[in-house]
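For reference, the structure discussed in these notes is given below.
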Amino acid sequence: MTVASVEVSPQPVPLACGHCGVTHAPVAQAICPECLGPLEPVYDPTRRLPSREEIASRPPSLWRYREWLPFQGTPVHSLDTGFTPLVEAPRLADLLGVGRLWIKNDTVTHPTLSFKDRVVATAINAAVGLGLRTIACASTGNLAIAVGAHAARAGLPAWVLVPETLEPAKILATAVSGARVLRIRGTYDDVNRLCAQLADRYAWGIVNVNLRPYYGEGSKTVAFEIAEQLGWRLPTAVVAPMAGGSLLSKLHKGFGEIREAGLAGGPAPRLYGAQAAGCAPIAHAVETGASRITPVVPKTIARSLAIGAPADGPRAIHAIRSTGGWAGSVSDPELIEAIRVLAEHTGIFAETAGGVTTAVALKLAQAGRFGPADEVVLCITAHGLKTPDAVSPDQFDIPTVSSRLGDVAKVIEA
Ligand SMILES: *Cc1c(COP(=O)(O)O)cnc(C)c1O
Ligand SMILES: [Zn+2]
């Protein structure tokens with residue numbers, strides 16, 4: 001393994017505790033040593049912000065919003081991530097009975113086909129800026145693949161810890177980039193606890209553990225892209241899948257920053273969170289009005305969302321409640337069916353998390369949560385070829401026929 005080049009790496013911004021307010025020099029740490037509150041990046045409120053035109057003139061990646069990403073200086077790694085298509089889907093809008101509907105298509109995020117490329121793009125620049133030379137993560141799958149890929153091209157060794165039951169396609173796609181993969185006997189939450197201990201023992205940048213303050217900010221770029229791609233307008237509603245609840249809470253932060261900067265006006269979009277019924281601690285708290293999250297032991301094929309003790313659950317609940325949104329959960333058969341519905345109406349093949357998001361959107365529409373005036377965005381966060389076994393070929397009628405015209409015509413005309 002070669003060591004990352006020490007070109008002028010970007011300097012991560014300082015952190016401050018969200019509870020007690022104490023500030024800390026840039027550091028690989030997510031929890032306030034004083035009060036155990038969450039550490040957050042601190043942005044210079046006097047920094048110069050770009051205009052819409054300036055943003056438009058920049059390369060099509062998430063770094064076009066760099067003033068809202070936690071660095072001083074120019075990022076050197078993962079410059080191709082972000083700016084995925086926002087695709088209008090009128091047939092799906094009809095099915096939901098809403099005015100307009102778009103898919104934020106993160107199934108084609110570079111380089112690993114899931115929205116986790118965004119958070120790893122920011123985390124890896126933070127790691128390099130902090131002088132850390134090994135990258136690691138606790139993962140439900142997509143993060144593993146992204147950490148492996150982004151670390152490989154930066155020339156950094158990577159350790160990736162996953163629950164033993166992870167889909168083989170995801171383990172393979174991680175190992176192929178040279179990352180060391182450890183399959184841990186236990187749930188994601190066990191793996192996560194273990195990684196917190198590893199962070200104390202080794203000088204590693206564990207992207208979603210000690211680099212979490214920098215990592216999470218990458219998710220905000222989904223909000224910035226949606227607004228810019230709508231011509232600097234905001235949709236009325238956004239539906240997003242929830243695992244740890246980071247994406248959903250960062251959408252809230254991102255839309256808030258867009259409005260604060262005057263880049264787009266109007267009300268904040270209502271945020272809707274989607275989970276699988278077999279692991280729905282955040283959705284359950286929203287639906288029952290609970291003030292606390294009750295952790296669960298996950299039991300669903302939507303493994304990318306299977307976090308039973310969601311770190312950003314309380315923030316996701318706050319984002320949902322304060323925007324007038326809601327949450328929902330769907331069974332495994334419902335999410336599998338919705339993978340087909342999404343593909344049949346948009347041509348986009350999503351993994352299980354996309355099935356969850358689509359199925360929850362359909363359910364919320366049936367419950368009257370959306371109206372004909374609504375302009376809805378569905379965040380579809382990873383590609384279907386990552387979980388091909390979720391959609392069994394047995395459910396399709398795919399005959400094998402001889403190469404004789406007559407035989408083929410018989411099938412076509414039947
Ligand atoms: C990780 C992940 C999410 C959301 O994760 P959060 O922890 O809630 O930010 C959504 N979709 C996919 C496919 C993921 O891998
Ligand atoms: Zn504190």
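Any value given below was found using the heavy atoms of this structure, including those in side chains, with hydrogens, waters and symmetry copies removed. Quick caveat: nothing in here was measured; it's all calculated off a predicted structure.
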> Do L156 and H77 come close enough that some side-chain heavy atom pair is under 4.5 Å?
Replying inline: no
> So do the side chains of F255 and V238 get within less than 4.5 Å of each other, counting heavy atoms only?
Replying inline: yes
>> Measuring only between side-chain heavy atoms, which start at C-beta, is L101 closer than 4.5 Å to L378?
In response: yes
>> Counting C-beta onward and ignoring hydrogens, is there a side-chain heavy-atom pair between Y214 and L39 closer than 4.5 Å?
In response: no
>> Can you confirm if the NZ or CZ of R64 lies within 45° of the ring axis of F83 and under 6.0 Å from the centre of its six-membered ring?
In response: yes
> What do the steps show when you test D189 against I307 for side-chain contact (heavy atoms from CB on, under 4.5 Å), and what is the final call?
Replying inline: CA-CA 7 Å; D189 298 287; I307 297 185; 3.8 Å; yes
> Given side chains that start at C-beta, do those of T107 and F349 come closer than 4.5 Å, heavy atoms only?
Replying inline: no
>> Assess the residue pair D117 and H150 against the criterion (side chain to side chain donor-acceptor pair (under 3.5 Å)); give the C-alpha distance rounded to whole Å, side-chain angles, the decisive distance to 0.1 Å, and a yes or no.
In response: CA-CA 8 Å; D117 283 318; H150 290 247; 2.7 Å; yes
> In a check of side chain to side chain contact (heavy atoms under 4.5 Å, CB included) between Q275 and each of V286, I282, T300, L305, which one passes?
Replying inline: I282
>> Which residue is it: R58, K220, R47? I am looking for the one with a salt bridge (Lys or Arg N to Asp or Glu O under 4.0 Å) to E67.
In response: R58
> Looking at side-chain heavy atoms only, is the closest gap between E225 and T84 below 4.5 Å?
Replying inline: yes
> Are T134 and R180 close enough that a side-chain donor and a side-chain acceptor fall under 3.5 Å?
Replying inline: no
> Only one of L86, L92, T358, T357 clears side chain to side chain contact (heavy atoms under 4.5 Å, CB included) with I103; which?
Replying inline: L92
> Name the one of T346, D106, V108, L342 that satisfies side chain to side chain contact (heavy atoms under 4.5 Å, CB included) with I380?
Replying inline: L342
> Under 4.0 Å between a Lys/Arg side-chain N and an Asp/Glu carboxylate O for R193 and D190?
Replying inline: yes
> Quick one: side chain to side chain donor-acceptor pair (under 3.5 Å) pairs with a partner in residues 11-40, sequence neighbours left out?
Replying inline: E40-R315
> Do the non-hydrogen side-chain atoms of Q72 and D44 ever get within less than 4.5 Å of each other?
Replying inline: no
>> Is any side-chain heavy atom of I145 closer than 4.5 Å to one of V160?
In response: no
> Do E257 and Y65 pass the side chain to side chain donor-acceptor pair (under 3.5 Å) test, and can you show the C-alpha distance, the side-chain angles, and the key distance before you say yes or no?
Replying inline: CA-CA 11 Å; E257 289 175 345; Y65 315 107; over 6 Å; no
